[in-house]
Asks: 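Sharing a structure here in structure tokens format.
Quick caveat, the model's predicted, so the values are computed rather than measured.
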There are 2 protein chains.
Amino acid sequence: MAVRLIDVARRAGVSPSTVSYVLSGNRPISAETRRRVEESIAELGFRPHAGARSIRRQATNVVAMVLPMFADGQGGVQMQFVLSALRAARARGFNLLLLTAEDGVAEINNLVSSAMVDGVIVMEIQVDDPRLPVLGELQRPVVLIGTPDDREGLVHVDFDFAAAGAMCVRHLLDLGHRHIGLLGQPADTFARQAGYALRAREGVLGVLREHELREVWAPAQPNPAGVAEAIEELFGQDPDLSALVVYNEQALPFVLERLKQLGMRVPGDMSVLAICPDDQAEHLVPPVSDVALPSRELGRLAFERLAGLIGGEEQPVSTLLAPQLKRRGSTGPPRRGR
Amino acid sequence: MAVRLIDVARRAGVSPSTVSYVLSGNRPISAETRRRVEESIAELGFRPHAGARSIRRQATNVVAMVLPMFADGQGGVQMQFVLSALRAARARGFNLLLLTAEDGVAEINNLVSSAMVDGVIVMEIQVDDPRLPVLGELQRPVVLIGTPDDREGLVHVDFDFAAAGAMCVRHLLDLGHRHIGLLGQPADTFARQAGYALRAREGVLGVLREHELREVWAPAQPNPAGVAEAIEELFGQDPDLSALVVYNEQALPFVLERLKQLGMRVPGDMSVLAICPDDQAEHLVPPVSDVALPSRELGRLAFERLAGLIGGEEQPVSTLLAPQLKRRGSTGPPRRGR
DNA sequence: TTGAAAGCGTTACCAT
DNA sequence: ATGGTAACGCTTTCAA
């Protein structure tokens with residue numbers, strides 16, 4: 001069977017409590033005793049039984065992360081959240097356990113009530129997410145990736161999508177564009193009221209409205225047909241379109257391809273500005289200017305906040321990462337006469 | 001504090017053991033007692049403490065899954081493995097915990113020795129993976145996604161990449177092609193001896209060799225520049241190329257785009273046949289024929305095998321899913337005179 | 001500086 | 001059909 005603490009103690013000729021204290025550091029131990037115990041631990045290959053430990057400790061050093069319902073692992077920003085949170089957790093000695101949103105709040109509650117996890121990260125937050133009340137009553141720390149409408153409640157981290165959308169439009173306005181369209185997330189993302197999709201759209205359309213320009217936008221499926229359809233829709237709304245804000249990282253390559261097909265040069269005939277992770281824009285042809293979506297940073301930050309809460313530290317309720325524009329040459333002034 | 005089993009027992013007016021037996025079903029319980037206990041559980045919102053439970057049981061109902069080092073969540077087949085394994089696990093009442101390959105075998109050992117997990121799924125297996133010996137000595141079930149050179153060792157599940165590559169070439173040969181090239185995974189995938197990349201290549205090149213045809217192949221980075229370079233390289237090796245096997249799901253859209261740029265029609269001037277998940281080929285223009293990589297099936301299967309081992313059942317050591325060709329019209333006979 | 005022993009919450013054996 | 005109670009492996013109080 002597995003090596004137990006008492007085996008270590010016997011071999012080192014000390015009591016179990018001494019071994020425990022060597023492990024936890026909660027009591028001064030003589031150098032000699034410590035040496036013997038550590039040697040014994042090493043030789044026997046002893047690892048404390050996590051379950052037994054979690055009975056007396058108040059913690060498991062495991063956190064849960066709830067994946068969105070529709071996660072498909074395809075170029076998803078969500079997967080970046082998971083991977084970066086995972087790295088951050090591992091670096092701090094935590095383990096990360098995955099749940100899917102299909103599991104629902106009941107399952108989260110289960111994990112928490114059965115003392116399997118010390119805290120939970122939830123992503124894909126809807127503007128008025130029905131899960132929030134329950135999450136608020138969970139007796140364990142929770143961090144959201146995404147901003148709920150009620151910003152006073154749970155600790156959350158997010159990218160400032162509204163500011164990002166606005167920044168895109170302002171950049172294009174500065175270049176002289178007056179006919180700007182948004183090619184956004186797929187329709188079902190809007191349908192489920194995903195905060196990022198709604199806020200980015202409002203960021204874009206809000207600035208257009210301020211400037212009394214036409215509010216042109218369309219959702220797009222991330223495949224050639226979906227993109228072609230969306231672009232047609234946008235031109236239907238405004239035939240003079242000279243600039244596109246693309247907030248749909250998976251569709252972006254197809255947008256460039258479609259524009260080329262239509263005989264439009266970028267940025268000569270059409271400026272393109274994306275909201276997406278930097279590495280998904282920089283290797284395209286032409287390299288696409290973007291407002292970088294800091295997906296890795298967000299996952300890491302979410303875990304850091306959670307770890308803080310678990311450690312009993314106060315954490316800022318709301319953290320919105322500010323957008324930054326990265327120019328790469330896919331935007332320029334509109335053609336004359338536009 | 002948290003509700004304990006003894007609280008439930010007191011409220012129901014029974015002994016702790018009775019509650020335990022109601023929970024486990026390991027003993028007949030009178031209808032009346034069961035009712036009282038269940039009511040008590042519901043009213044108190046009792047959840048058994050997972051840690052305490054794991055001391056006495058021999059299991060935690062948690063399994064670990066080891067991600068590849070370089071996982072980036074970008075259209076990765078690996079992420080499909082994770083998601084489908086996760087769904088399968090959740091459906092069977094298991095939790096899934098993530099580890100990264102950077103963590104190394106030592107960390108896997110840690111998880112296992114500390115009784116945190118009942119088993120481990122490891123993916124991205126190299127043909128001669130240095131982790132295998134250690135995994136073999138782990139005192140817990142292990143399932144690999146990927147085929148080691150030594151197929152007698154650990155239980156593994158995989159797609160038959162060699163057969164898939166061969167099937168692609170045979171299909172193209174049947175259509176009359178004699179100048180066939182492989183556009184494969186990125187160079188670093190080959191560099192780290194990933195089994196799937198090597199075996200798919202050997203499947204392709206092996207059949208070409210049998211037929212005494214030129215063995216044309218190139219690795220490709222999944223971006224426009226990388227793909228352009230790879231295609232140029234392929235034409236350099238054989239200017240008469242009339243068919244392409246593409247085993248690089250992320251590069252596939254860029255391949256189609258590049259061919260169009262070069263003025264080549266698909267399948268008129270160039271047949272294209274992919275090895276990739278179906279949903280990454282079907283929505284392209286034109287829809288691409290493929291040998292479908294059953295990524296979801298593999299993740300699910302890996303978990304099922306692991307669950308079987310954990311349950312003490314014998315499992316087949318080697319499971320290779322057979323390839324199947326899905327025709328979608330991106331392949332046709334070569335132009336006359338080729 | 002160290003040890004003995006009483007828990008922690010659950011399970012399963014031994015009774016009845 | 002049910003209850004009492006000794007484990008499980010570790011932590012921590014109390015004593016020395």
Side-chain angles (χ1 to χ4, degrees), chain A residues 1-38 40-41 44-62 110-118 139, chain B residues 1-41 44-62 93 110-118 139:
Chain A
M1 276 309 311
V3 182
R4 298 155 309 163
L5 181 141
I6 196 167
D7 302 321
V8 174
R10 284 206 257 265
R11 190 176 207 296
V14 298
S15 78
S17 49
T18 299
V19 176
S20 177
Y21 285 118
V22 167
L23 251 28
S24 67
N26 287 341
R27 181 198 254 187
I29 302 278
S30 74
E32 166 59 12
T33 303
R34 150 160 292 123
R35 198 193 53 70
R36 286 220 312 283
V37 170
E38 279 167 351
S40 174
I41 288 175
L44 296 176
F46 167 72
R47 296 287 152 204
H49 188 292
R53 186 168 252 192
S54 77
I55 295 184
R56 309 244 44 204
R57 288 221 216 277
Q58 201 55 331
T60 58
N61 271 34
V62 178
N110 240 320
L111 278 188
V112 166
S113 308
S114 63
M116 288 208 67
V117 301
D118 298 339
Q139 292 307 310
Chain B
M1 275 311 310
V3 182
R4 298 154 309 163
L5 183 140
I6 197 167
D7 302 322
V8 174
R10 284 207 258 265
R11 190 176 207 295
V14 298
S15 78
S17 50
T18 299
V19 177
S20 178
Y21 285 117
V22 167
L23 251 27
S24 67
N26 286 342
R27 182 198 253 189
I29 302 279
S30 74
E32 166 60 10
T33 304
R34 153 160 289 125
R35 198 192 53 68
R36 287 221 310 286
V37 169
E38 279 169 351
E39 190 178 295
S40 174
I41 288 175
L44 296 177
F46 167 72
R47 296 288 151 203
H49 188 292
R53 185 168 255 190
S54 77
I55 296 185
R56 307 252 38 205
R57 292 223 218 274
Q58 202 55 330
T60 59
N61 272 35
V62 178
N110 241 322
L111 276 188
V112 166
S113 309
S114 63
M116 288 208 67
V117 301
D118 298 338
Q139 292 307 311

Asks: Taking side-chain contact (heavy atoms from CB on, under 4.5 Å) as the criterion, tell me which of Val22(A), Val8(A), Val14(A) meets it with Ser40(A).
Replies: Val8(A)
Asks: From the set dG9(C), dG3(C), dT11(C), return the single nucleotide nearest to any side-chain atom of Ile55(B).
Replies: dG9(C)
Asks: Between dC8(C) atom C1' and Leu5(B) atom CG, what is the distance in whole Å?
Replies: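 These atoms are roughly 13 Å apart.
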Asks: With a 4.0 Å cut-off on heavy atoms, is Ser17(B) in touch with a base, just the backbone sugar-phosphate, or nothing at all?
Replies: base
Asks: For a quick check under 3.5 Å, do Ser17(A) and Ser20(A) share a side-chain donor-acceptor pair by atom type?
Replies: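 No, Ser20(A) and Ser17(A) have no side-chain donor paired with an acceptor closer than 3.5 Å.
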Asks: Of the nucleotides dC10(D), dT1(C), dG3(C), which one has an atom closest to the side chain of Ser30(A)?
Replies: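 Nearest listed nucleotide: dT1(C).
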Asks: Does any N or O donor sit under 3.5 Å from an N or O acceptor when you compare the side chain of Arg56(A) with the base of dG7(C)?
Replies: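 By the distance-only test, yes, there is a pair.
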Asks: Within this structure, what is the CZ-to-P distance between Arg53(A) and dT12(D), rounded to whole angstrom?
Replies: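 Answer to the nearest Å: 10 Å.
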Asks: Figure out the CZ/C1' separation between Arg57(B) and dC13(C), and round it to whole Å.
Replies: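 So the two atoms are 16 Å apart, to the nearest Å.
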Asks: Under 4.0 Å, counting only non-hydrogen atoms across every strand here, what does Val14(A) touch: a base, just sugar-phosphate, or nothing?
Replies: sugar-phosphate
Asks: Taking the nucleotide of DNA chain D with the nearest heavy atom to each, does Ser20(A) or Pro16(B) sit closer to the 5' end?
Replies: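 Of the two residues, Pro16(B) wins.
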Asks: Nearest-Å distance, NE2 (His49(A)) to P (dT11(D))?
Replies: 12 Å
Asks: Can a donor-acceptor pair be found, under 3.5 Å and without considering hydrogens, that links the side chain of Asn26(A) to the backbone of Tyr21(A)?
Replies: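 Answer holds: no.
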Asks: Which whole-number value in Å describes the distance from Asn26(B) CG to dA1(D) P?
Replies: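 It is 14 Å, rounded to the nearest whole Å.
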Asks: Determine the contact category for Ser24(B): base if any of its heavy atoms lies under 4.0 Å from a base atom, sugar-phosphate if only primed atoms, P, OP1 or OP2 are that close, otherwise nothing.
Replies: nothing
Asks: Taking the nucleotide of DNA chain C with the closest heavy atom to each, which residue, Tyr21(A) or Arg4(B), is nearer the 5' end?
Replies: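 This one resolves to Tyr21(A).
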Asks: With salt bridge (Lys or Arg N to Asp or Glu O under 4.0 Å) as the criterion, how do Glu32(B) and Arg35(B) come out once you've worked through the C-alpha distance, each side chain's angles and the decisive distance to 0.1 Å?
Replies: CA-CA 5 Å; Glu32(B) 166 60 10; Arg35(B) 198 192 53 68; 3.4 Å; yes
Asks: Would you compute the distance between atom CZ of Arg53(A) and atom CG of Leu23(A) and round it to the nearest 0.5 angstrom?
Replies: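 Reported value, rounded in 0.5 Å steps: 5.5 Å.
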Asks: With a 4.0 Å cutoff (strictly under), does any side-chain N or O of Thr18(A) reach OP1 or OP2 of dT2(C)?
Replies: no
Asks: Roughly, in whole Å, what's the span from CD1 in Ile6(B) to P in dC8(C)?
Replies: 9 Å
Asks: Quick one: the side chain of Arg27(B) and the base of dT2(D), do they pair up donor-acceptor inside 3.5 Å?
Replies: yes
Asks: Find the distance Arg47(A):CZ to dC10(D):C1' and express it as a whole number of Å.
Replies: 16 Å
Asks: What integer distance in Å separates Leu23(B):CG from dT2(D):C1'?
Replies: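 It works out to 16 Å between those atoms.
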